[in-house]
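Accompanying notes for the structure given below.
In this text, all values refer to a predicted model and were calculated from it rather than measured experimentally. Letters A, B, ... are given to chains in the order of the sequence lines, protein chains preceding strands, and every chain is numbered from 1.
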Amino acid sequence: MKKEIANWGNYPVMESNEQQFSFDDQLQQMVKEAAHFIPRGNGRCYGDASLGGQTISTLKYDKILSFDTQAGVFECQSGLMLDKILEVIVPKGWFLPVTPGTKFITVGGAVGSDVHGKNHHVDGSFSNHIVDMDVVLSDGRMLTCSPTQYGDLFEATCGGMGLTGLISRVKFRLKKIETSYIKQKQIKADNLEHVLQLFEEYKHYTYSVAWIDCLKKGKGFGRSILILGEHAKVTDLDALQEREPLKLPKKKQITFPFNLPSWVLNTFTVKAFNFLYYGKNFKKEINNVVGYEPFFYPLDAILHWNRGYGKKGFIQYQFVVPMHAKQGLIEILQRISDKGIGSFLAVLKVFGEQDSLISFPEEGYTLALDIPVRQGLFEFLDELDQIVLQHGGRLYMSKDARMKPGVLEAGYPRLSAFKEIVKKYNPDGKIRSTQSDRLLLTTNN
Amino acid sequence: MSTVLILGAASDMAVAIAKKYASAGHAIQLAARNVQRLKALESDIAIRYNTTCTAYEFDALQFTSHQAFFDSLPVKPDITICVFGYLGENETARANWSESEKIIHTNYTGAVSILNVVSNYYAAQKKGVIAGISSVAGERGRQSNYIYGSAKAGFTAYLSGLRNRMFHEQVHVVTVQPGFVYTRMTENLTLPPLLTAQPEAVANTVFKAVDKKKNVVYVKWFWRWIMLIIKSIPEFLFKKLKL
Ligand SMILES: Cc1cc2nc3c(=O)[nH]c(=O)nc-3n(C[C@H](O)[C@H](O)[C@H](O)COP(=O)(O)OP(=O)(O)OC[C@H]3O[C@@H](n4cnc5c(N)ncnc54)[C@H](O)[C@@H]3O)c2cc1C
Ligand SMILES: NC(=O)c1ccc[n+]([C@@H]2O[C@H](COP(=O)([O-])OP(=O)(O)OC[C@H]3O[C@@H](n4cnc5c(N)ncnc54)[C@H](OP(=O)(O)O)[C@@H]3O)[C@@H](O)[C@H]2O)c1
């Protein structure tokens, strides 16, 4: 059915003919008959990665195929969303091996973008935990691949933005937990230097991320709150929590009703940050035990919060620079703060080592922040891209809606090998997105 | 815990109904003509809801197989829900008997055939519940889909008569009258959002109706009134309308 679609940044918006399927045979038929298409999950990537004139949505293809509660291995169809998986695995004492900052993404999307979480420095990205998966190629054939079987297909599918084929089934390993709670530590950092030090000092923590105030200048430049966490043990719980250690959170959500001018959301985040930073009870450090939802998914409590950036939409700019290029991080933060265009908050995280074909993470600092679309923005971002590249960094395709093909090429040293594999399994470029055409990964003809 | 048999189990509506019953702790029996398509749903329901879920082959058009199908079920269901149906294309069906026949046999003959078998068993047991998914299309024939509509009209009348008979056997029969529902059947039609229900809404209505022993239920309450108005238009006027 033809409809208007956009991803989380509401930029760009385009008309697409979206098809849905529920069964394997239907999917293979659909792929075989399509002139071209791009796989689409829940549209939580920010830019144009899952946009195109023809999309095949996996959302109705969402069945659980097996769950080994002893070994902690889970197998499902690719349209199943993480929130549904948590409902099933948490009560049995298991957790997602890796989760992004929202639970409203599909497993197919988790593999397609090879998502990372707050534990990247310890557990790597999502694809690190895959046992094997099925991919439907552009000719409708279904192949099972893993690191040892059709290894090239596997490698290019993890983080390959859907271009090798439609991932239909994924089997992956879970993480054992004793409780559904997180033992959280929040530490106030006076400036950027300080927070980077703290990251180093606390790197043995499984989960870590920092919220940075992008507007503060001078001595307090880069002041932030470092948020650390571990899965709580039963002994960490209070008497009430202890009664049901694996309890699922209650569903409490409010919905952002319509598009608002962007200062509304900014005011909201400023208030939230200041509340934490200056809050009476916030001394140097807070230690507490919280449910997994507020720890991993603070923003999911407000459905459609992206409407808070207004009708024109926004770009989430996310890059990574190697550890030794701290200067690049500082330079970019400074440029953004000087320009005064960014969201108030940015998210900073340290990635551990990773050496993938096309996945985004590599050892270093990664920063992500939202910037509302406005005149002159793309020119400014082009300048930032150059700084990222100068420092040996790269951008995250899953957040991208505007980078130039050269920026991708310069940031991903194994890009040509990736393109070769895409060509092998998707020879006519039948599987392609607005993004892949823009980045010259496929050709629009 | 009771067992629920769902006939035509691969449809979106049936999936929603199966999930609703499974989440309330019932065992589920799925039946469809293509069992291969039920495999994933079978594991999904068993794992998600910690319940028993099994799958069987059933073709509504293979009338002579229906008794054997029911006899072969290892556990006899306490509740049977008849969901299968076929909308077809009215224009094709007007000119092409095989399309007409398929519409009539799927929505009416096939349903009568299998529910005869089930109701005879329930009558002998003096217990059981049958729910049939008919359609508001069966309440008045319209030029755009009167072949489907008349088959559903036949099914609705059948359910009403069956309810009457079964009342004396302590067996309850529910007629479900959905208006528009977003499913595979209607995915290529543009439906008015306000009048169209999600499959989950149908599932909730069925669940409640069975539980409360309702006789005839509509999905989205206003459809009862919409149909009342449509039925009250005098024929001399109705025939001139383009519906
Ligand atoms: C609030 C928020 C926080 C986030 N936090 C993080 C984070 O911490 N870390 C992180 O890594 N990401 C994060 N993201 C991004 C998000 O996790 C990814 O963009 C993810 O891929 C979205 O999945 P989706 O199901 O919505 O897929 P879509 O957005 O629809 O698609 C994403 C990509 O995957 C491909 N794809 C989808 N399904 C399939 C399939 N079945 N087969 C093949 N390809 C497929 C698409 O073609 C597209 O290229 C965040 C997003 C939001 C909105
Ligand atoms: N959608 C609406 O707006 C609407 C409105 C009113 C009433 N209804 C009724 O609701 C019921 C469910 O329909 P739906 O909307 O969910 O549509 P659907 O997805 O088309 O479902 C119809 C189901 O019936 C099955 N079926 C068809 N012929 C069969 C046969 N010979 N033997 C066994 N199964 C057969 C199909 O099986 P396969 O999966 O193998 O194709 C399919 O699963 C139908 O009775 C329909 O008439 C629908």
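- Taking the side chain as every heavy atom from C-beta outward, B/R37 and A/Q26 approach each other to under 4.5 Å.
- Counting heavy-atom neighbours within 6.0 Å of A/K92 NZ, excluding the residue itself, gives a total of 12 or less.
- Minimum interatomic distance between B/R48 and A/D62 (heavy atoms only, all atoms of both residues): NH2-O, 3.2 Å.
- The CG atom of B/L38 sits 10.5 Å away from the NZ atom of A/K63 when rounded to the nearest 0.5 Å.
- Salt bridge A/K60/B/D12: present, at least one basic N to carboxylate O contact under 4.0 Å.
- At a 4.5 Å heavy-atom cutoff, A/T69 makes no contact with chain B through either its backbone or its side chain.
- At a threshold of 4.5 Å between non-hydrogen side-chain atoms, the residues B/I47 and A/V88 count as touching.
- By the neighbour-count criterion of 12 heavy atoms within 6.0 Å, atom NZ of A/K3 is sparsely surrounded, having that number or fewer from other residues, nucleotides or ligands.
- Closest non-hydrogen pair, A/I64 versus B/S43, comes out as O-OG, 2.7 Å.
- Heavy-atom contacts from other residues, nucleotides or ligands closer than 6.0 Å to CG of B/L194 number 12 or fewer.
- Atom OH of A/Y150 has 12 or fewer neighbouring heavy atoms from other residues, nucleotides or ligands inside a 6.0 Å radius.
- The contact between A/F23 and chain B is made entirely by side chain atoms (from C-beta outward), counting heavy-atom distances below 4.5 Å.
- Of all non-hydrogen atoms in B/A40 and A/Q77, the two that sit nearest each other are CB-NE2, 3.3 Å.
- Only the side chain of A/D25 comes within less than 4.5 Å of a heavy atom in chain B; its backbone stays farther off.
- Minimum heavy-atom separation, B/E187 to A/M1: O-SD, 3.8 Å.
- Within 6.0 Å of the CD atom in B/E89, the count of heavy atoms belonging to other residues, nucleotides or ligands does not exceed 12.
- The environment of B/E91 atom CD is sparse: at most 12 non-hydrogen atoms of other residues, nucleotides or ligands sit within 6.0 angstrom.
- Of the atoms belonging to B/A10, heavy atoms from both backbone and side chain fall under 4.5 Å from chain A.
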